[in-house]
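Worth saying up front: this structure is predicted, and the values here are computed from it rather than measured. A note on names: the letters A, B, ... follow the listed sequences, proteins ahead of strands, and every chain is numbered from 1. Excluded from the calculations below are hydrogen atoms, water molecules and symmetry mates; all remaining heavy atoms, backbone and side chain alike, are included.
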Amino acid sequence: MNIFRFAGDMTHLLSIIVLLLKINATKSCAGVSLKTQELYLLVFVTRYLDLLYSYISLYNTFMKLFFICSSGCVIWYIREHKTVSQTYDSAQDTFRVLFLACPCMILALTVNHDFTVTEVLWTFSIYLEAVAILPQLVLLQRTKNVDTLTGNYVFLLGGYRALYLLNWIYRILTEPGYRQWIVWISGTIQTAIYCDFFYYYIKSWRNNERLSLPS
Amino acid sequence: PDDAPPKDEL
(Lines give C-alpha, C1' and ligand atoms only; values in the text may rest on other atoms or scores of the structure.)
Protein backbone atom coordinates (compact mmCIF):
# COMPACT_ATOMS: atom_id res chain seq x y z
CA MET A 1 0.00 0.00 0.00
CA ASN A 2 1.38 3.40 -0.94
CA ILE A 3 1.03 6.70 0.89
CA PHE A 4 -1.65 8.06 -1.50
CA ARG A 5 -3.89 5.03 -1.03
CA PHE A 6 -3.48 5.22 2.75
CA ALA A 7 -4.12 8.97 2.82
CA GLY A 8 -7.18 8.42 0.61
CA ASP A 9 -8.58 5.77 2.93
CA MET A 10 -7.95 7.95 5.99
CA THR A 11 -9.69 10.89 4.30
CA HIS A 12 -12.66 8.64 3.55
CA LEU A 13 -12.72 7.46 7.15
CA LEU A 14 -12.46 11.04 8.41
CA SER A 15 -15.32 12.19 6.14
CA ILE A 16 -17.64 9.63 7.72
CA ILE A 17 -16.49 10.54 11.24
CA VAL A 18 -17.18 14.23 10.47
CA LEU A 19 -20.66 13.31 9.23
CA LEU A 20 -21.44 11.19 12.29
CA LEU A 21 -20.11 13.87 14.63
CA LYS A 22 -22.21 16.53 12.94
CA ILE A 23 -25.36 14.44 13.23
CA ASN A 24 -24.68 13.37 16.79
CA ALA A 25 -23.52 16.75 18.11
CA THR A 26 -26.17 18.91 16.46
CA LYS A 27 -28.87 16.20 16.58
CA SER A 28 -29.68 17.34 13.08
CA CYS A 29 -29.24 15.87 9.63
CA ALA A 30 -30.18 19.08 7.82
CA GLY A 31 -28.48 19.16 4.43
CA VAL A 32 -27.60 15.44 4.49
CA SER A 33 -29.05 13.33 1.69
CA LEU A 34 -30.57 10.04 2.83
CA LYS A 35 -30.62 8.92 -0.81
CA THR A 36 -26.84 9.25 -1.11
CA GLN A 37 -26.34 7.38 2.18
CA GLU A 38 -28.60 4.55 1.02
CA LEU A 39 -26.71 4.36 -2.27
CA TYR A 40 -23.43 4.14 -0.35
CA LEU A 41 -24.76 1.32 1.79
CA LEU A 42 -25.75 -0.51 -1.41
CA VAL A 43 -22.27 0.20 -2.85
CA PHE A 44 -20.51 -1.19 0.23
CA VAL A 45 -22.70 -4.26 0.61
CA THR A 46 -22.39 -5.27 -3.06
CA ARG A 47 -18.65 -4.57 -3.18
CA TYR A 48 -17.63 -6.17 0.09
CA LEU A 49 -19.42 -9.49 -0.42
CA ASP A 50 -15.86 -10.81 -0.67
CA LEU A 51 -15.67 -10.46 3.12
CA LEU A 52 -17.40 -13.84 3.09
CA TYR A 53 -14.89 -15.68 0.93
CA SER A 54 -11.59 -13.85 0.57
CA TYR A 55 -9.12 -12.22 2.92
CA ILE A 56 -6.62 -9.53 1.93
CA SER A 57 -5.52 -8.04 5.25
CA LEU A 58 -6.81 -7.12 8.67
CA TYR A 59 -6.69 -3.49 7.53
CA ASN A 60 -8.97 -4.16 4.54
CA THR A 61 -11.39 -6.24 6.58
CA PHE A 62 -11.63 -3.59 9.29
CA MET A 63 -12.20 -0.78 6.78
CA LYS A 64 -14.83 -2.75 4.87
CA LEU A 65 -16.75 -3.48 8.05
CA PHE A 66 -16.41 0.14 9.15
CA PHE A 67 -17.81 1.48 5.87
CA ILE A 68 -20.79 -0.88 5.94
CA CYS A 69 -21.59 -0.24 9.61
CA SER A 70 -21.08 3.53 9.50
CA SER A 71 -23.34 4.07 6.50
CA GLY A 72 -25.92 1.85 8.17
CA CYS A 73 -25.55 3.98 11.29
CA VAL A 74 -26.09 7.26 9.38
CA ILE A 75 -29.20 5.80 7.74
CA TRP A 76 -30.48 4.66 11.12
CA TYR A 77 -30.01 8.18 12.54
CA ILE A 78 -31.88 9.81 9.66
CA ARG A 79 -34.74 7.32 9.53
CA GLU A 80 -35.17 6.16 13.12
CA HIS A 81 -33.57 8.51 15.64
CA LYS A 82 -36.26 10.38 17.57
CA THR A 83 -34.91 13.93 17.16
CA VAL A 84 -32.57 13.57 14.17
CA SER A 85 -35.26 12.07 11.93
CA GLN A 86 -37.43 15.15 12.47
CA THR A 87 -34.76 17.34 10.89
CA TYR A 88 -34.72 15.32 7.68
CA ASP A 89 -36.28 17.24 4.82
CA SER A 90 -37.58 14.60 2.43
CA ALA A 91 -39.28 17.24 0.29
CA GLN A 92 -35.85 18.55 -0.79
CA ASP A 93 -34.14 15.17 -1.10
CA THR A 94 -36.09 13.99 -4.12
CA PHE A 95 -33.45 12.56 -6.43
CA ARG A 96 -34.75 9.44 -8.19
CA VAL A 97 -32.14 6.86 -7.20
CA LEU A 98 -33.47 4.25 -9.63
CA PHE A 99 -32.32 6.53 -12.44
CA LEU A 100 -28.81 5.95 -11.10
CA ALA A 101 -29.02 2.33 -9.93
CA CYS A 102 -30.72 0.86 -13.02
CA PRO A 103 -28.28 2.16 -15.64
CA CYS A 104 -25.38 1.11 -13.40
CA MET A 105 -26.78 -2.42 -13.17
CA ILE A 106 -27.32 -2.61 -16.93
CA LEU A 107 -23.77 -1.36 -17.49
CA ALA A 108 -22.41 -3.85 -14.95
CA LEU A 109 -24.21 -6.70 -16.73
CA THR A 110 -22.72 -5.55 -20.04
CA VAL A 111 -19.22 -4.33 -19.21
CA ASN A 112 -17.52 -6.57 -16.64
CA HIS A 113 -14.55 -8.88 -16.29
CA ASP A 114 -16.45 -12.04 -15.57
CA PHE A 115 -20.13 -12.86 -15.84
CA THR A 116 -20.58 -14.19 -12.31
CA VAL A 117 -22.86 -12.92 -9.54
CA THR A 118 -20.08 -11.56 -7.35
CA GLU A 119 -18.11 -10.00 -10.21
CA VAL A 120 -21.20 -8.29 -11.66
CA LEU A 121 -22.20 -6.98 -8.23
CA TRP A 122 -18.65 -5.76 -7.61
CA THR A 123 -18.65 -3.97 -10.99
CA PHE A 124 -22.10 -2.52 -10.21
CA SER A 125 -20.71 -1.11 -6.95
CA ILE A 126 -17.84 0.57 -8.81
CA TYR A 127 -20.24 2.24 -11.28
CA LEU A 128 -22.74 3.19 -8.60
CA GLU A 129 -20.11 4.73 -6.32
CA ALA A 130 -19.10 7.04 -9.17
CA VAL A 131 -22.54 8.69 -9.17
CA ALA A 132 -23.81 8.08 -5.62
CA ILE A 133 -22.85 11.60 -4.49
CA LEU A 134 -25.24 13.25 -6.99
CA PRO A 135 -28.34 13.34 -4.69
CA GLN A 136 -26.13 14.94 -2.01
CA LEU A 137 -24.78 17.57 -4.42
CA VAL A 138 -28.29 18.38 -5.67
CA LEU A 139 -29.48 18.75 -2.07
CA LEU A 140 -26.55 21.10 -1.26
CA GLN A 141 -27.42 23.17 -4.28
CA ARG A 142 -30.98 23.55 -2.99
CA THR A 143 -29.79 24.45 0.51
CA LYS A 144 -28.93 28.09 1.01
CA ASN A 145 -25.92 28.46 3.35
CA VAL A 146 -24.67 24.90 3.63
CA ASP A 147 -23.51 24.22 7.18
CA THR A 148 -19.75 23.96 7.59
CA LEU A 149 -19.60 20.32 8.66
CA THR A 150 -21.77 19.11 5.79
CA GLY A 151 -19.55 21.07 3.40
CA ASN A 152 -16.46 19.53 5.00
CA TYR A 153 -17.97 16.05 4.69
CA VAL A 154 -18.45 16.42 0.93
CA PHE A 155 -15.03 18.06 0.53
CA LEU A 156 -13.33 15.15 2.33
CA LEU A 157 -15.23 12.62 0.23
CA GLY A 158 -14.02 14.36 -2.92
CA GLY A 159 -10.50 14.55 -1.49
CA TYR A 160 -10.51 10.80 -0.93
CA ARG A 161 -11.29 10.27 -4.60
CA ALA A 162 -8.56 12.67 -5.73
CA LEU A 163 -6.02 10.78 -3.57
CA TYR A 164 -7.11 7.51 -5.14
CA LEU A 165 -6.29 8.97 -8.56
CA LEU A 166 -2.76 9.69 -7.31
CA ASN A 167 -2.61 6.16 -5.88
CA TRP A 168 -3.42 4.69 -9.31
CA ILE A 169 -0.81 6.86 -11.05
CA TYR A 170 1.74 5.71 -8.47
CA ARG A 171 0.78 2.06 -8.99
CA ILE A 172 0.94 2.38 -12.79
CA LEU A 173 4.47 3.73 -12.45
CA THR A 174 5.67 1.17 -9.91
CA GLU A 175 3.77 -2.09 -10.57
CA PRO A 176 4.46 -3.74 -13.93
CA GLY A 177 1.32 -5.23 -15.47
CA TYR A 178 -1.02 -3.40 -13.10
CA ARG A 179 -4.21 -2.23 -14.78
CA GLN A 180 -7.89 -1.95 -13.90
CA TRP A 181 -9.70 0.03 -16.55
CA ILE A 182 -13.22 -0.21 -15.09
CA VAL A 183 -12.01 1.20 -11.77
CA TRP A 184 -9.88 3.92 -13.39
CA ILE A 185 -12.56 5.24 -15.73
CA SER A 186 -15.31 5.16 -13.08
CA GLY A 187 -12.99 6.75 -10.51
CA THR A 188 -12.01 9.54 -12.89
CA ILE A 189 -15.68 10.32 -13.60
CA GLN A 190 -16.40 10.19 -9.87
CA THR A 191 -13.65 12.70 -9.12
CA ALA A 192 -14.70 14.96 -12.00
CA ILE A 193 -18.21 15.22 -10.51
CA TYR A 194 -16.66 17.04 -7.52
CA CYS A 195 -14.81 19.69 -9.56
CA ASP A 196 -17.62 22.21 -9.45
CA PHE A 197 -18.12 21.66 -5.72
CA PHE A 198 -14.38 22.04 -5.04
CA TYR A 199 -14.38 25.36 -6.88
CA TYR A 200 -17.16 26.86 -4.72
CA TYR A 201 -15.88 25.25 -1.51
CA ILE A 202 -12.40 26.75 -1.92
CA LYS A 203 -13.84 30.10 -3.02
CA SER A 204 -16.08 30.35 0.05
CA TRP A 205 -13.21 29.28 2.29
CA ARG A 206 -10.87 31.93 0.87
CA ASN A 207 -13.50 34.63 1.19
CA ASN A 208 -14.41 33.42 4.68
CA GLU A 209 -18.05 33.02 3.68
CA ARG A 210 -20.64 30.32 4.26
CA LEU A 211 -20.73 27.86 1.40
CA SER A 212 -23.64 28.15 -0.99
CA LEU A 213 -23.77 26.58 -4.42
CA PRO A 214 -25.35 28.52 -7.27
CA SER A 215 -28.44 26.89 -8.72
CA PRO B 1 -12.69 -8.56 -21.49
CA ASP B 2 -9.17 -8.91 -20.02
CA ASP B 3 -8.10 -10.54 -16.74
CA ALA B 4 -9.97 -9.82 -13.54
CA PRO B 5 -8.48 -6.80 -11.76
CA PRO B 6 -6.82 -6.95 -8.36
CA LYS B 7 -9.33 -6.38 -5.55
CA ASP B 8 -6.90 -5.16 -2.95
CA GLU B 9 -8.34 -1.63 -2.85
CA LEU B 10 -11.39 -0.54 -0.91
| message | Counting only non-hydrogen atoms closer than 4.5 Å, can you tell me which residues of residues 161-176 of chain A sit against chain B? | response | A:Y164, A:N167, A:W168, A:R171

| note | By residue number, those in residues 48-65 of chain A with heavy atoms under 4.5 Å from heavy atoms of chain B are A:Y48, A:I56, A:Y59, A:N60, A:M63, A:K64

| Can you list the residues that meet the side-chain contact (heavy atoms from CB on, under 4.5 Å) rule with A:V84, with sequence neighbours excluded? |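 Checked A:V84 against side-chain contact (heavy atoms from CB on, under 4.5 Å); matches are A:I23, A:K27, A:C29, A:Y77, A:H81, A:T87.
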
| query | In this structure, are over 12 heavy atoms from other groups packed under 6.0 Å from A:W205 atom CH2? | reply | no

| Does atom CZ of A:F6 have more than 12 heavy-atom neighbours from other groups under 6.0 Å away? |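 Result for CZ/A:F6: open.
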
| field | Interatomic spacing from CZ in A:R5 to CG in B:D8 - rounded to 0.5 Å | value |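 That separation rounds to 6.5 Å.
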
| query | Stepwise, does the side-chain contact (heavy atoms from CB on, under 4.5 Å) test hold for B:K7 with A:R47? | reply | CA-CA 10 Å; B:K7 291 191 175 39; A:R47 184 170 315 164; over 6 Å; no

| A:F67: partners by ring-ring contact (aromatic ring centres under 6.0 Å, His included), with sequence neighbours left out | A:H12, A:F44

